[in-house]
Amino acid sequence: MNVMLLGAPGAGKGTQAAKIIEAYGLPHISTGDILRKAVADQTPLGIEAKRYMDAGELVPDSVVIGLVKERLSQPDTDVGFILDGFPRTVVQADALGEVLVELGKELTAVVSIDVDKQSLIARLTARRTCGACGAIFNVIVRPELLDGVCPTCGGALNQRDDDTVETVTNRLNVYERSTAPLIDYYAEKGVLRHVDGNQDVGDVWTAVDSILKG
Ligand code: AMP
């Protein structure tokens, strides 16, 4: 099963990807996670990408397309994959289409998680991620986590550098301009399914899972 999660920053793609991994054991290809790891490791690519990420801008298409091509050619993706945060532009979507043809793969489902803009800003600025296990939390829903300790593993909860109000606003503008057109792009290909991402996490998962079960 080859799944793509589409949606604005903060729509819950990472949270739903974690549930898909738990249920179906598919490898998770998150370009944001790959780039954050490169930044943390201070690789040349990470140093280059950080300026764009801190400003809420997109990393150049050629860079992320190269990363995804490389990742999709690894054998663990033979059972399927979850694409999260890629593609983000029509150029990336076209490149992905070509790579999938080369690899003889097709997208099983493109799931668009739809959330209204006001909720996105609130969610992103309240997001905390565990530096140790990667679990994602919202400190509005769970204010006790403002103590900064992950309830799952005891690791430290961090706020992403790009989850500040200023950067979030730019990321949402970039999403509207560059990524939202992909909704029509995949609708025209007949693979797009919508899920109401304003519901609670469990209800979103029920909807996503029923799409995946076909
Ligand atoms: P995310 O974790 O998906 O919200 O991504 C965090 C940041 O990484 C984005 O704001 C971009 O700067 C960069 N990024 C992640 N995925 C892509 C992509 N497909 N194209 C360009 N930039 C990306």
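Counting starts at 1 for both ligands and their atoms, following the listed order.
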- Kindly indicate whether the side chain of Lys19, heavy atoms from C-beta on, has any atom under 4.5 Å from the side chain of Val208. no
Does either side chain, that of Asp41 or that of Thr43, offer a donor lying less than 3.5 Å from an acceptor on the other one? no
What do the steps show when you test Asp162 against Tyr52 for side-chain hydrogen bond (donor to acceptor under 3.5 Å, both in side chains), and what is the final call?
CA-CA 10 Å; Asp162 59 352; Tyr52 297 98; over 6 Å; no
**Message:** Is there a side-chain contact between Leu67 and Leu45 in this structure, where contact means two heavy atoms from C-beta onward sitting under 4.5 Å apart?
**Reply:** yes
| Side chains of Lys105 and Thr77 in contact at under 4.5 Å (non-hydrogen atoms) | yes
Exercise. Determine, using the 4.5 Å side-chain heavy-atom cutoff (strictly less than), whether Ile211 and Val191 are members of one ILVMFWY cluster.
Key: no
Heavy-atom contacts under 4.0 Å to ligand 1, chain-then-number order, include exactly Thr31, Gly32, Leu35, Arg36, Met53, Glu57, Leu58, Val59, Val64, Gly85, Phe86, Arg88, Gln92, Arg160, Asp162, Arg171
